[in-house]
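Hydrogens, waters and symmetry mates play no part in the numbers below; they use all other heavy atoms, side chains included. Convention: sequence-line order gives letters A, B, ...; per-chain numbering from 1.
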Number of protein chains: 2
Amino acid sequence: MPSQPDFDLEAAEIITAAVEILSESGLDAVSMRNVSARLGVSPVPLYRRIGNKEALLDAVADRLLADLAPPIGTGEPWTEYAMRWALVLRARLRGTRDGRFILWPGRDAYVEASRPLVASMRGGGFSADAAVQACRLLTWATVGFAAVESGVPLRGAQRTRSRPGSDPRGVTEGESDALFDLHIRYLIEGIADDMESPG
Amino acid sequence: MPSQPDFDLEAAEIITAAVEILSESGLDAVSMRNVSARLGVSPVPLYRRIGNKEALLDAVADRLLADLAPPIGTGEPWTEYAMRWALVLRARLRGTRDGRFILWPGRDAYVEASRPLVASMRGGGFSADAAVQACRLLTWATVGFAAVESGVPLRGAQRTRSRPGSDPRGVTEGESDALFDLHIRYLIEGIADDMESPG
DNA sequence: ACCTGAACACCGTTCAAGT
DNA sequence: ACCTGAACACCGTTCAAGT
């Protein structure tokens, strides 16, 4: 069994406890009191190590987004890598419960994850500024899509007798996947076109 | 002076009070207790008229998004109208305090606002399904962008001695505008291309 | 130094009364 | 029928003590 934190309380343990509660019980259950209770401690030490709840959620988000970017294939064109990169980011956001709370793409993990994408684009002939802007466009689009998606009720797989597409308030998982693919593809095509003939 | 709600309490008054508190003090101040206090009433009637807090925020969002879609110009091509439509939606989301809480594009106001855009696209030769899908793509992209944008710290106008673009965590208001314009333009171009040569 | 118990000022929601 | 006061089970955060 893991040793109990009787004598020391590292920030990493606090973040781990918060991540566990998030995945088990959702964002609403991630309270300073719940996290401290799981650690067998009063809430006060959390304020000493982490600061406040906002800082805790920030740290949780960074943990959940760590090691995000996939490796670049040798000779892989930037358009292909960008597509893979966006799919991986969306999958990670979807995979974390209440992922819409990870909504600030300035956080460290995003900056870290951007590096290989920027590098891939620079290898494809982009200037530094153009690569950063294109990368920001794809990041914002992906994070925004995932946030919206997480708020939309899934129509699920129940056998419906209504025509497909007739209910504008729900979306099939497949429809959502197709929409994301289309979205990112349009952006990559647009970026590629603008690079060949800059206006 | 307006009459006091001594004897009757309509749902519309509740929503109005919530909207006022939202714009004056932000989302955190929109509590059932605060709203009821502004109306000079205990919290209980809100539960009788509205249901619960989630329903109240839903109603607030619908109110804030009412009468969203701009009128279509005569002979205006769908590409132009779509661009205007997206700009208006983003402006509305930016204009409401803590606009990121309006994150579920299935809500009634979005459906309502979509109608002229779908009509414009159908006039441009889209099938019903294609128009609905294209409209959904633009809506999700705009709402997602606004949500991300509202979470990103603005770099503001302070005279900085660092190179532009050197701080990846902040974005100038002009950069944000340009990014949005680019984003939507790429999507419209992609949609238009796919319609001319469907794959 | 670092913890705890207790408190402060809030929440959303419900219940037993009142009129 | 529709309101109110009071309560329940929570929050984030801080403070005066304890060791």
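- Ionic pairing of E10(A) and R49(A) is not present here: no N-O contact between side-chain nitrogen and carboxylate oxygen is shorter than 4.0 angstrom.
- Considering only the side chain of P43(B), dT13(C) comes nearest among dC11(D), dT13(C), dC3(D).
- Distance CD (E13(B)) to C1' (dC2(D)): 15 Å, rounded to an integer number of Å.
- Look at CE on M32(B): it is 21 Å from P on dA7(D), rounded to the nearest Å.
- Of the candidates dG5(C), dT13(D), dT13(C), dT13(D) carries the atom nearest the K53(A) side chain, counting heavy atoms from C-beta on.
- The side chain of R49(A) contributes an N or O atom lying less than 4.0 Å from OP1 or OP2 of dC3(C).
- If you check the side chains of S114(B) and R136(B), you find no donor sitting under 3.5 Å from an acceptor.
- Rounded to whole Å, atom P of dT4(D) lies 14 Å from atom OH of Y47(B).
- Comparing atom distances between the P45(A) side chain and each of dC3(C), dC11(C), dC11(D) picks out dC3(C) as nearest.
- Look at CD on E10(B): it is 11 Å from P on dC3(D), rounded to the nearest Å.
- Using a cutoff of 4.0 Å between basic side-chain nitrogens and carboxylate oxygens, R63(B) and D58(B) are not scored as salt-bridged.
- Counting non-hydrogen atoms under 4.0 angstrom, S31(B) reaches the backbone sugars and phosphates but no base.
- For the pair N34(A) and dC11(D), the criterion of a side-chain N or O lying under 4.0 Å from OP1 or OP2 is met.
- Nearer to the 5' terminus of DNA chain C, by closest-nucleotide assignment, is the contact made by S42(A) (compared with the other of S42(A) and E54(B)).
- Ring-centre distance between F126(B) and W78(B): below the 6.0 Å cut-off.
- Nucleotides dA9(C) and dC10(D), compared at atom P, are 22 Å apart to the nearest Å.
- Rounded to a whole Å, the CZ atom of R48(A) is 16 Å from the P atom of dT13(D).
- Proximity of a side-chain donor or acceptor of R84(B) to a complementary backbone N or O of P70(B) within less than 3.5 Å is not detected.
- With a cut-off of 3.5 Å on both Watson-Crick or G-U wobble distances, the partner of dA1(D) is given as dT19(C).
- Rounded to whole Å, the distance from CG on L57(A) to P on dC11(D) is 14 Å.
- At the heavy-atom level, D28(B) lies nowhere under 4.0 Å from the strands shown.
- The nearest whole Å value for the distance from the CG atom in L46(B) to the P atom in dT4(D) is 10 Å.
- Using Watson-Crick or G-U wobble geometry with both donor-acceptor distances under 3.5 Å, dG12(C) finds its partner in dC8(D).
- L39(B) places its CG atom 14 Å from the C1' atom of dC3(D), with the value rounded to the nearest Å.
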